[in-house]
Each structure stands twice: as C-alpha cells, then as structure tokens.
*Asks:* 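One structure follows; several queries about it will come next.
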2 protein chains.
Amino acid sequence: MDSKDKRNFEKGEHVETRNAIIKTAHDLFMEYGYRSVSTRQIADLCGLTQPALYHHFTNKKELYIEVIRETIFKTQTAVQRILKRPQSLRERLQQYAYYMMLNHHEDLNQMFHDIEHQLDAASQAQIYQWWMNGYLMPVVAVFEEAAKEGKLQNQYRFGATPIDAAHFLLSLIKSSMEPSKFLKDSSKSRQEAAEEKSHMIVDVLLYGLS
Amino acid sequence: MDSKDKRNFEKGEHVETRNAIIKTAHDLFMEYGYRSVSTRQIADLCGLTQPALYHHFTNKKELYIEVIRETIFKTQTAVQRILKRPQSLRERLQQYAYYMMLNHHEDLNQMFHDIEHQLDAASQAQIYQWWMNGYLMPVVAVFEEAAKEGKLQNQYRFGATPIDAAHFLLSLIKSSMEPSKFLKDSSKSRQEAAEEKSHMIVDVLLYGLS
DNA sequence: CCTACCGATCGGTAGG
DNA sequence: CCTACCGATCGGTAGG
C-alpha cells in the first residue's frame with residue numbers, strides 16, 4: 001500500500017479505538033457512575049494504557065459527555081421511528097416502552113445524577129437540550145396529538161399536561177427497568193418480561209387502577 | 001457534679017456527636033452519593049477531625065448503613081400513621097405522596113444505586129428487608145385492602161398486583177421529587193407544588209389519563 | 001478526640 | 001501509543 005492508503009488505514013484504526021473507548025466507557029459509567037469508574041479501568045478493558053486515553057479525549061469529563069451525546073442521539077432516532085408508526089396511541093406507547101426497556105438498562109437515574117453533580121452548568125444545559133429533543137419531546141408530541149383528538153379528556157380535570165404525561169411514562173419505564181430485587185422472576189426471558197411490563201405500564205397510565 | 005453525673009454528661013455529648021455525624025452524613029450521602037462524599041467532608045462539617053469519626057463508627061460503610069437504617073425506620077413510623085387514617089383510598093395515598101415529597105428529596109434513586117454497587121451482598125439483603133417492611137409493605141397493604149373491597153377491579157385485566165401498584169406509586173413519587181430541570185416553577189412554594197403533584201399522581205394512577 | 005502518618009488510587013502531564 | 005511520574009486525595013491506623 002502507498003502512503004495515502006497507510007494513512008487512511010491508520011486513521012481507521014484511530015476511529016475504531018475511539019469507538020471502543022466510548023462503548024467501554026458507556027457500559028462502565030452507566031453501571032457504576034462517573035466517580036466510581038477510573039480512567040485506568042476504561043483503558044485496561046480497551047487494551048490501552050491510561051495516558052493513551054488522552055490522545056482521544058481531552059479529559060475524563062469530555063469522554064463522559066461524548067458517551068451521553070451518542071447515547072441520546074441513537075435513542076432519538078429509534079424512538080422517533082417507533083412513535084411515527086400508523087398505530088393506535090396505546091400500541092405506539094407499548095412499543096416505545098418495550099424498546100426503552102430492552103435497550104436501556106438502569107442507567108438513566110445514574111446518568112441524571114452524574115450530570116447534575118459532576119458536570120458544570122454549561123455542560124448540564126447542553127445535555128438537557130439534547131435530552132429534551134431526543135427523549136422527551138417525541139413522547140410529548142404523541143400525547144399532544146392524542147389530546148387534540150379528544151382521547152385524553154381527563155387532562156384538564158387532573159391538571160396533567162402532555163409534558164406531565166410524558167414524564168409519567170418515562171418514570172414508570174425507568175422504575176420497570178430497575179433490577180427487581182423483590183421479585184426475582186427468572187422464569188421469563190428479558191424480552192418476555194419487557195413485553196409484559198410495557199403492556200402493564202401503558203394500560204395503567206391510560207386507564208388507571210380503579 | 002459527682003463522677004456519675006459527669007459520666008452521664010459525657011455520654012450524652014457522645015450521643016449528640018454521633019447524631020450530628022449521622023445527620024451530616026445523611027445529607028451529604030443522599031445528595032452526592034457514597035463515593036463522592038469523603039469522611040473528611042463529614043468530619044469538617046461536624047467540627048471534628050477525620051480520624052475522630054472512627055471512634056463512633058468502625059468504617060465508612062458502617063456509617064452509611066446506619067444512615068440508611070435510621071432513615072427507613074423514621075419513614076416507616078410516619079407512613080404507617082398516615083395510611084391507617086379512616087379516610088378514602090384516594091385521600092390516604094395523596095397524603096402519603098405529599099409526606100414523601102416533602103420529607104424525602106431526590107435521595108431514593110441515589111440510595112438504591114449506592115446500596116447495589118458499594119455494599120456487600122449481606123448488607124444489601126439486610127437493607128432490602130428494612131425497605132420492604134418500612135416502605136413497600138404498608139402501601140401494598142392499602143392496595144390489597146382496596147382490592148378486597150372491589151375498588152381495583154381492573155387489577156386482573158392488567159395483570160397488576162397490589163405490589164405492582166405500590167411500585168408504580170413509589171415510582172411516580174420518586175420522579176416527582178426530582179429537581180424539575182425542565183419546568184422551573186418558582187412561583188409556587190415547595191408545599192404547594194408537593195400538594196398539587198401528590199393529587200395529580202394519585203388521580204392518574206387510579207383513574208388513568210384517558 | 002487529637003496529631004501524625006500510611007499505602008493505594010485518582011486524573012492528568014512530560015517526553016519521546 | 002508507550003514509560004515514567006506528578007500532586008492531590010482517599011479510607012484507615014498508631015499512639016497518645
């Protein structure tokens with residue numbers, strides 16, 4: 001190969017290394033939290049020395065922010081596709097909940113806590129902007145559409161806006177993703193459990209318990 | 001004072017110091033998380049040197065477990081009193097949600113994450129036992145009672161048990177306690193906001209959005 | 001309850 | 001991308 005091909009090849013390796021770092025950092029940060037994960041842990045799992053990380057990212061916080069950015073944008077793409085399907089409100093919300101349960105783990109609570117306590121105000125504002133566009137607004141739009149079609153007539157009786165509704169749904173999804181320490185139900189696969197839970201959550205939210 | 005009085009006095013001071021440590025540690029642990037809080041921070045805020053903490057607690061983890069134990073037991077007492085009042089299901093749940101919103105902050109998610117990742121399995125099991133008795137079962141009992149009286153007829157249609165219902169309620173309460181980064185509503189006091197949110201949550205849970 | 005101090009680990013830098 | 005290393009901070013101990 002000539003020098004041009006060699007450069008491209010090396011650049012490709014550089015990008016692959018960067019992606020490996022982001023994936024490893026994602027898994028560790030989301031499970032253990034920002035402070036509990038050391039740059040040496042990340043580097044070791046990628047087969048690198050710790051100072052090598054600083055060739056790809058200026059510091060630990062920049063790496064963390066990049067992890068969050070990629071996570072939010074990937075989710076946004078998938079979620080918008082699901083919520084635009086020509087199906088009923090109930091079916092779309094169920095599929096949305098199912099997707100979130102399978103593809104996110106218990107990471108959202110941890111992520112928000114870290115953002116609030118480990119990042120500066122400017123980074124927080126930027127991430128909340130990404131979060132609103134990627135996670136919240138697609139769901140809000142679905143509830144607004146349903147409200148216009150008169151399918152959420154109780155909205156004003158309870159004082160619950162479409163934004164509240166989206167928060168409720170995300171809250172129920174988050175709690176369903178927590179490792180259920182109380183009822184270990186190992187008889188079902190992850191997919192089966194997520195499908196069952198997604199149906200239950202949406203039905204409770206739409207129709208109530210009583 | 002004779003020597004006996006002096007001993008009692010000194011023992012009283014010892015207890016007061018211990019309580020001050022627990023209160024300070026509670027506030028710091030719940031806000032920033034177990035790993036992010038150093039024993040020196042706790043000691044400084046109590047007017048002590050860091051090694052002095054080890055006169056009251058064998059190590060950082062023992063202190064953390066004691067913080068959790070006292071928190072759960074105090075909540076258990078208050079919650080049981082509220083849920084035994086001779087009022088409707090809706091009213092009792094509203095008052096329960098209101099109490100939790102005012103007296104707990106955003107600490108529960110942080111607490112559970114720390115328990116899972118920073119403590120050994122034996123400590124986890126002990127704390128989950130406390131949690132079930134103190135937090136979950138009183139709410140489960142209320143839903144079971146309502147189910148027997150036929151007030152939750154949709155229970156089997158959705159597959160939602162009283163335990164699920166209690167988890168849903170706690171989940172909605174937890175998310176309502178999160179600092180709402182999205183809708184800063186500083187026009188209302190904490191009490192007013194908690195009252196409004198507790199009503200909204202219980203109504204959505206009982207009657208649904210549509 | 002203090003002073004003095006320990007080994008371990010952290011995020012990050014220098015220099016190649 | 002490596003070796004070598006820095007100052008800061010951590011939880012915990014010794015000894016009084």
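Residue numbers begin at 1 in each chain, while the letters A, B, ... track the order of the sequences. If you're wondering where the values come from, they're calculated on a predicted model, not measured in any experiment.
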*Asks:* With both distances kept under 3.5 Å, what pairs with D/dA14, Watson-Crick or G-U wobble?
*Replies:* C/dT3
*Asks:* Can you tell whether the side chains of A/R18 and A/E66 come within less than 4.0 Å, N to carboxylate O?
*Replies:* yes
*Asks:* Does A/R40 come within less than 4.0 Å of A/D44, counting only side-chain N to carboxylate O?
*Replies:* no
*Asks:* Nearest to the B/N59 side chain among C/dG11, C/dC1, D/dG12, which nucleotide is it?
*Replies:* D/dG12
*Asks:* Counting heavy atoms from C-beta on, name the nucleotide in D/dG11, C/dC1, C/dG11 closest to the side chain of B/R40.
*Replies:* D/dG11
*Asks:* Whole-Å distance between D/dC1 P and A/L53 CG?
*Replies:* 10 Å
*Asks:* Need to verify one output field. Residue with the more 5' nearest nucleotide on DNA chain C, B/R35 or B/I21?
*Replies:* B/I21
*Asks:* Select one nucleotide: of D/dG12, C/dC1, C/dC2, the one nearest the side-chain heavy atoms of B/T49.
*Replies:* C/dC2
*Asks:* Measure the distance from CD on A/Q50 to P on C/dG12 and round it to the nearest whole Å.
*Replies:* 8 Å
*Asks:* What is the distance, to the nearest angstrom, from the CG atom on A/L48 to the P atom on D/dC1?
*Replies:* 6 Å
*Asks:* From the options C/dG12, D/dT13, D/dC1, select the nucleotide whose nearest atom is closest to the side chain of B/Y54.
*Replies:* D/dT13
*Asks:* Assess, by modelled atom type and distance only, whether the side chains of A/S36 and B/H117 contain a donor and an acceptor separated by less than 3.5 Å.
*Replies:* no
*Asks:* Could you tell me how far apart A/E16 (CD) and D/dC1 (P) are, to the nearest whole angstrom?
*Replies:* 11 Å
*Asks:* Whole-Å distance between D/dG12 P and B/F57 CZ?
*Replies:* 13 Å
*Asks:* Passes side chain to side chain contact (heavy atoms under 4.5 Å, CB included), B/I68 versus B/D114? Steps please.
*Replies:* CA-CA 11 Å; B/I68 291 176; B/D114 284 337; over 6 Å; no
*Asks:* Rounded to whole angstroms, how far apart are CD1 on B/I42 and C1' on D/dG11?
*Replies:* 11 Å
*Asks:* Respond yes when some side-chain nitrogen or oxygen of A/H56 is under 4.0 Å from OP1 or OP2 of D/dC1, and no when none is.
*Replies:* yes
*Asks:* Return the 5'-most residue of the pair A/P51, A/H55 with respect to DNA chain D, ranking by each residue's nearest nucleotide.
*Replies:* A/H55
*Asks:* Just the rounded figure in Å: distance from P of C/dC2 to CG of B/D44.
*Replies:* 11 Å
*Asks:* Nearest whole angstrom, please: distance from the P of C/dC10 to the CD of A/Q41.
*Replies:* 7 Å
*Asks:* Please determine if a side-chain N or O atom of B/S38 lies less than 4.0 Å away from the OP1 or OP2 oxygen of D/dC10.
*Replies:* yes
*Asks:* Does this structure show an ion pair linking B/D203 with B/R90, if we count only N-O contacts that are shorter than 4.0 Å?
*Replies:* yes
*Asks:* State whether A/T17 places a side-chain N or O below 4.0 Å from either non-bridging phosphate oxygen (OP1 or OP2) of D/dC1.
*Replies:* yes
